[in-house]
Structure formats: C-alpha cells, structure tokens
> 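Right, I'll just put the structure down here and ask away after.
This structure is a prediction, so every number in the text was calculated from the model and none was measured.
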Amino acid sequence: MLNFTVGPVMASDEVRAIGAEQVPYFRTAEFSETMKENERLMKEFAKASDDARVVFITGSGTASMEAVVMNCFTSVDKLLVVNGGSFGHRFVQLCQIHDIPYTEIKLETGNPLTAEELSAYEGQGYTGFLVNLHETSTGVLYDIKMISDFCHRNQMFLAVDSISSFLADPFDMQALGVNVMITGSQKALACPPGISVIVLDAEAQKRVEANQVKSMYFDLKDALKNGERGQTPFTPAVGTLLQINARLKEIERNGGVESENRRMKMLAEDFRSKIKDLPFTIVSKSMSNAVTPLHPLHASAYDIFLKLKDEYGIWVCPNGGDMAEKVFRVGHLGHLSPEDNTTLVNALKDMQQKGLL
C-alpha cells in the first residue's frame, strides 16, 4: 500500500517497529523523561517561548480543539471563527456546544481569508480568534501573519489549529504571537492516530488556570500539573507517545523543523509539476505544502479514489458532503519520496489512457 492521504500517513520503519513492541508500564521515571523530551522538542519545533507548556491528549485533533475552546474561552468572550470548510465548521460547532459567543467568517470553497474581509471586524470588541491554519478539507493555507497582525492590533487571543500544517509549513509561534497551537500524531508527525498535542503560551496557561471547566478528562489544569512530572492525568496512548518520541528525535537528527519544511515543500512541488498535463484543476488559491486538492475535469473524484485504492493499491484522500464527487486530495506528509509521486502519477496516466479520467 502507498498512502497519499492526509492522515494517517506513511511512517518510517523505526516508528513502525515501536508499534510492534509490547507497550510498557508508564508510571515510571523512564516514561516521564520521554515525555519531558517530547515536550522540549515540540516546543522547539513550534518555536514556542521558553515558558510555554505542552499537553498531550489521548484523542484525535478534535479532542484538543474542544479542550482549547472549553479551557481558554468562556461566555464573556466574543470570538471570530474562520469557517472555510469542514474543520472551520467544527470550531463553529464547538462554540455552539459550549455557549461561547462568536461571529463566523464564512468563506467560499478554496478561497483564502483576505485583509479586506478582516477589516470589517476591526475595533469591534472581539476577544479571541479561532482558525484552522490549513483548512484540510479544501487545501487552503491561511495567511497567519495577516491574522496575527490583526489579533495584535485588536488585542485578541489567537488559537491556531495547525493539525495538518505543523512541520509542513513554516510556523513561528512566538514571533506570531500565537497563544495556542494544536496538532496531531497522524499528520506530519507520521505516527498512528490517537494523540493530539496542545502548545500553550503563558497567557493561555493563565486562562486555563482561571477557567472552571465542567469536565474531568478535558480540564487542562490537571494536564498541566501532571505534565510537570512528565506524566498525564489518565492512561495515555503509551505506544503512540513512544513513537512520537522516536519521530521527533528523527526530525532533530535530520536538521530540525526547517529541514522538514523543505522536504515537504519539495515533495509538493515535485508532485504538482508531474501532474501539470493531467485533466485536473487545483482547487485552492493558497496552498499548504501538506496537500494538493484536485478537481477532476471529466471524472468523479470519488471514483478516482476507489479506482486507485482497489486497482492500484494507492490511497488518496476523498472528500465528503458536497465535495465528494468534485475534489480529492493528495497528501505530501510522512515517509514519502519523489519516486512515490511518480508511482501515483503513472497510475493516473494509466487511468487516463483507459478513459477513466
């Protein structure tokens, strides 16, 4: 199987080998040291401040999205939420569920957020901003510098879902003034799903400590306290956390976050150059290195997904809802190579020759 989805993604042999081992007991000094190392490297790769903290949640990215909404905002806040697709809509739903006042900035499919659209909200008393830096469903990468400047001018707390963008695109949490960053184990970290990660700056930690959350599992005060000793409040996905540790150290050995950014940029550009003569249009007007969203001109996107899976042993990423027949996505995350790109492109060319594109 060759996997070009946006998660789970192809993992290295080292990471996969850990998955075959017996899962060790975790209330030990050894596991605590591993977790402290995970926190150090996550802070380094997110370019967070020295006083930032990292929380590892056993749950998907949505679990950490919900934890951030619950812990960092209350009914006295007034949020701006960017909704450019499925995951932006998820932030909207979370604000509704937890009674957080919000205004939704609804974008057309594939369109980035513009300065002109943001200008309407200047000086309107908003206290927080929620954005999926890379709207994975459409492939749009938002201009985080523009958003950061807007939040700074308006003294707004900035929470960024970087689940599919982390390690794929340049990101400097401290320089951008981002208060919270979220990511997940199954994207560019190239580990199995099951762990999501929240990086909190000092201001975010203050909000967490001041907020009385009506939840046991998602109360980040407890997570931060246990993290001081390199532990989690409840039983975590121990094996996945060990795989994350191996992957983070692999990235460190290979030159750090900048090297990983360059690698994924190279893979994305290589793929996009190889498909230029195929009957697709690229949907997004502002793309991440993480994924290429493609609209087939003469075929069903979902049929292409099925044909590649069933007849060529290649996974790409389908869409749901209104985009199911219109758009599929090719990921550039994980343990992939230019040669793998060629394999996928050759399969698409073979489908074209057979009249399937």
> State which residue, out of Glu269, Met266, Arg272, Lys265, fulfils the side chain to side chain contact (heavy atoms under 4.5 Å, CB included) condition with His332.
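Going through Glu269, Met266, Arg272, Lys265 one by one, the side chain to side chain contact (heavy atoms under 4.5 Å, CB included) with His332 is satisfied by Arg272 alone.
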> Is it true that Tyr102 and Leu94 fall in one hydrophobic cluster, defined by side-chain heavy atoms closer than 4.5 Å?
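Same hydrophobic cluster.
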> Would you please test Ile57 and Ile195 for side chain to side chain contact (heavy atoms under 4.5 Å, CB included) and show each step?
CA-CA 6 Å; Ile57 299 288; Ile195 293 288; over 6 Å; no
> Give a yes or no on whether the backbone of Phe218 and the side-chain of Asn71 come within a donor-acceptor separation of less than 3.5 Å.
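Present.
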> Using 30° and 60° as the class boundaries, would you call the ring planes of Tyr217 and Phe234 parallel, tilted or perpendicular?
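Parallel.
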> Under the side chain to side chain contact (heavy atoms under 4.5 Å, CB included) rule, what do His295 and Leu297 come out as? Steps first, then yes or no, please.
CA-CA 6 Å; His295 169 60; Leu297 299 181; 4.3 Å; yes
> Is the closest side-chain donor-acceptor distance between Gln174 and Ser49 under 3.5 Å?
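On atom types as modelled, these side chains do not qualify, holding no pair under 3.5 Å.
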> Please check: side-chain N/O of Thr127 versus main-chain N/O of Asp77, any donor-acceptor pairing under 3.5 Å?
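No, because the side chain of Thr127 does not come within donor-acceptor range (under 3.5 Å) of the backbone of Asp77.
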> Any chance you could lay out the salt bridge (Lys or Arg N to Asp or Glu O under 4.0 Å) test for Asp222 and Lys225, step after step, and finish with the verdict?
CA-CA 5 Å; Asp222 204 8; Lys225 181 65 176 176; over 6 Å; no
> Any Lys/Arg nitrogen of Asp303 or Lys307 sitting under 4.0 Å from an Asp/Glu carboxylate oxygen of the other?
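Salt bridge flag = no for Lys307 with Asp303.
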> Using the side chain to side chain contact (heavy atoms under 4.5 Å, CB included) definition, which of the options Asp143, Ile147, Val131 pairs with Leu113?
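So the option named by the test is Ile147.
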> Between Lys274 and Asp270, does at least one N-O distance fall below 4.0 Å, as a salt bridge requires?
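Between Asp270 and Lys274 there is a salt bridge, with a charged N closer than 4.0 Å to a carboxylate O.
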> Would you check if the side chain of Asn254 reaches a backbone N or O of Glu250 as a donor-acceptor pair within less than 3.5 Å?
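Side chain of Asn254 to backbone of Glu250, a donor-acceptor pair under 3.5 Å: yes, one is there.
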> Rounded to the nearest 0.5 Å, what separates atom CZ in Phe91 from atom CE in Met65?
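Result: 4.0 Å between the selected atoms.
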> Parallel, tilted or perpendicular, judged at 30° and 60°: which one describes the rings of Phe31 and Phe26?
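If you compare the ring of Phe31 with that of Phe26, the planes turn out perpendicular.
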> Hey, does the side chain of Asn83 reach the backbone of His89 with a donor-acceptor pair shorter than 3.5 angstrom?
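Present.
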> In this structure, are over 12 heavy atoms from other groups packed under 6.0 Å from Lys221 atom NZ?
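Check passes, neighbour count above 12.
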> Under the criterion ring-ring contact (aromatic ring centres under 6.0 Å, His included), I'd like the reasoning laid out for Phe157 against Phe73: C-alpha separation, chi angles, the key distance, then a yes or no.
CA-CA 9 Å; Phe157 185 95; Phe73 304 108; 5.5 Å; yes
> I would like to know whether Glu117 and Leu107 meet side chain to side chain contact (heavy atoms under 4.5 Å, CB included); could you show each step before the answer?
CA-CA 10 Å; Glu117 287 166 315; Leu107 303 175; 3.6 Å; yes
> Working note: Asp340 + His335, criterion side chain to side chain contact (heavy atoms under 4.5 Å, CB included); need CA distance, chi angles, decisive distance, verdict.
CA-CA 10 Å; Asp340 293 327; His335 199 64; over 6 Å; no
> State which residue, out of Val160, Val178, Ile182, Val54, fulfils the side chain to side chain contact (heavy atoms under 4.5 Å, CB included) condition with Val199.
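Considering Val160, Val178, Ile182, Val54, a side chain to side chain contact (heavy atoms under 4.5 Å, CB included) with Val199 is found only for Val54.
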> Which heavy atom in Leu336 sits nearest to a heavy atom in Leu267, and how many Å separate them?
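Between these two residues, the closest heavy atoms are O-CD1, 3.8 Å.
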> Just by distance, no angles: are the side chains of Tyr126 and Thr103 close enough, under 3.5 Å, to form a donor-acceptor pair?
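Tyr126 vs Thr103: donor-acceptor pair found between side chains.
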> Okay, side chain of Asn289, backbone of Ala168: is any donor-acceptor separation there less than 3.5 Å?
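Checking the backbone N and O of Ala168 against the side chain of Asn289, a donor-acceptor pair under 3.5 Å is found.
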> For residues Phe328 and Phe4, establish whether the separation of their ring centroids is below 6.0 Å.
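No; Phe4 has its ring centre 6.0 Å or more from that of Phe328.
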> My understanding is that only one of Glu252, Glu260, Glu37 makes a salt bridge (charged side-chain N to carboxylate O under 4.0 Å, His left out) with Arg247; could you say which?
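Of the listed options, the one satisfying the test is Glu260.
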